[in-house]
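Counting begins at 1 with the first residue of the sequence. For ligands, and for the atoms within them, numbers begin at 1 and follow the listed sequence.
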Amino acid sequence: MKIVILSRSSKLHSTHRLVEAAEGRGHKVQVIDPLRCYMDITSHRPKMYYKNQSIESVDAVIPRIGASVTFYGNAVLRQFEMMGVYCLNESVAIARSRDKLRAHQILFRKGIGMPVTGFAHSTLMTKELIDLVGGAPLVIKLLEGTQGKGVVLAETSKAAESVIEAFRNLKAYFLVQEFIKEAAGSDIRCFVIGDKVVASMIRRAKEGEFRSNIHKGGIAENVRLTPEERKTATRAAKAMGLSVAGVDILRSNHGPLVMEVNSSPGLEGIEKATGKPVADLIIEHIEKVAKPKANRTKGKG
Ligand code: ADP
C-alpha cells in the first residue's frame, strides 16, 4: 500500500515509529507536512499538491495533526476524504475530539461516565457554577490546555472563584469539574484501535502533584483494565467516531470516568510502558480495513 502520514515532521517519535512499522510490513510511506500542502478546492476532481507535486494513488492516510494546526490540518485531511482515500481518523471526528465542550456533550449523550462538568460564559454565575459541580475542591481546566498545563485544582470555593475570575479576565474558555479525589493522582490511558483496547497504562503523579501527566513528572506502567474500563474506552472512541484514540480515564468510586479522548495519541509512552508494538498494530488495522471510498463522512463534515 501507499500510506501518507500527515505530520509536521518525520523526526517526531510517533511519526518515526509509524514509518518504521509501515516500511517493516512492506508498505511505501510518505510523511507530508499538512501546512505545506495546497489544493484547488473547487476543482472538479479533488487533488492535493505537496512541494509542486500532485499526490496520487494513496491507499491510506494516517493523520497526526497537532492541536496547534487542527484547522488547516483538518482541511487537508478533508480533501483526502473527498478524493476517496481511506483516512484512519476522519476530520469530523478529530474536530469533535479537539473541542472539549463538544466532546463532553457527545460523551454525555451516549451515556458514558464523566466527572460532573460545568461551564458558563459569564463570571456573574461563578458561585452557581461552583455549586453545580458540588463545590470545592474542584478542577478548573482551560479548554485549550494540553499536557496538564492550564489544569488547576482549587481546594476552596474562594480559590475557585479567584481562578475563574482570572481566566475570565484573560478571555480564556474553561470548564469546571468535580475533583475525583479517589483517583489519587493517577489516570489510565487506554489505547484504542478499531473496537479494541490494544494497550493500557496507568500514569501516577509525582509526590505532591494531582496531575499525572508525564510532562509533569508522572510515571507510567502497564495496567490491566477491568471489563467495564475496556468497554468505556471503546465506547468513548466510537462515540467520537475515532478508529484510533487515546482515551483517558479516572478510576472513581462509581466506576470509570472519561476525561478526554485524544485523536493523535502519542506512541512513545504507551509502547515503553506496555512493551506492545502499538505502531505495528495500527498498520495491521489499516491493512485490514483500508478501502477506497470507505470514509463515512467523505469530507462532508
Ligand atoms: P491535559 O489534557 O492538559 O492533559 P487533563 O484534563 O488530562 O489535561 O488533566 C491533567 C491531569 O490532571 C489528568 O491526567 C489527571 O491526572 C488530573 N485530573 C484532571 N481532571 C481531574 C479531575 N476531575 N479529578 C481528578 N484529577 C484530575
Checking contacts here: is it the side chain or the backbone of Glu260 that comes within 4.0 Å of ligand 1, counting heavy atoms only? Could be both or neither.
side chain

Identity and separation of the nearest protein heavy atom to atom 14 (O) of ligand 1
Asp187 OD2, 2.9 Å

When you compare the side chains of Ser212 and Arg204, does any donor N or O come within less than 3.5 Å of an acceptor on the partner?
no

What residue and atom, counting heavy atoms only, is the protein's closest point to atom 12 (O) of ligand 1, and at what distance?
Arg211 CG, 3.3 Å

Shortest protein contact, atom 16 (O) of ligand 1 (heavy atom only):
Ser212 OG, 2.8 Å

In the protein, what heavy atom is nearest to atom 17 (C) of ligand 1, and what distance, to one decimal place, separates them?
Phe210 O, 3.7 Å

Starting from atom 3 (O) of ligand 1, find the nearest protein heavy-atom neighbour and note its residue, name and distance.
Gly148 N, 2.7 Å

Is it the case that ligand 1 has an N or O less than 3.5 angstrom from some N or O of Ser186?
no

Proximity of Arg203 to ligand 1 by residue part, where a heavy atom lies under 4.0 Å:
neither

Note: Glu161-Lys158 ion pair, threshold 4.0 Å (strictly below)
yes

Without hydrogens or angle criteria, can the side chains of Glu268 and Ser14 be said to hold a donor-acceptor pair below 3.5 Å?
no

Heavy atom to atom 8 (O) of ligand 1, shortest distance: which of Val151, Leu142, Leu250 holds it?
Val151

Verify whether one side chain among Thr117 and Gln177 offers a donor that lies under 3.5 Å from an acceptor in the other.
yes

same_hphob_cluster(Met259, Ile188) at 4.5 Å side-chain heavy-atom cutoff:
no

Got a second to check how far Glu128's CD is from Ile130's CD1, nearest 0.5 Å?
9.5 Å

Please check if Leu175 and Met240 belong to a single hydrophobic cluster, counting links between Ile, Leu, Val, Met, Phe, Trp and Tyr side chain heavy atoms closer than 4.5 Å.
no

Please work out whether any backbone atom (N, CA, C, O) or any side-chain heavy atom from C-beta onward of Met259 is under 4.0 Å from ligand 1, and answer side chain, backbone, both or neither.
side chain

Residue pairs involving residues 253-263 (criterion salt bridge (charged side-chain N to carboxylate O under 4.0 Å, His left out); sequence neighbours excluded):
none

Report the part of Ile180 in contact with ligand 1, treating N, CA, C, O as backbone and CB onward as side chain, heavy atoms under 4.0 Å; options are side chain, backbone, both, neither.
both

heavy-atom search around atom 4 (O) of ligand 1 in the protein gives Asn213 ND2, 2.8 Å

Qualifying side-chain hydrogen bond (donor to acceptor under 3.5 Å, both in side chains) pairs, either residue in residues 45-54, two or more places apart:
Ser54-Glu56

Atom 23 (N) of ligand 1 has as its nearest protein heavy atom Glu178 O, 2.9 Å

Residue, atom and distance of the protein heavy atom nearest atom 5 (P) of ligand 1 read Lys141 NZ, 4.0 Å

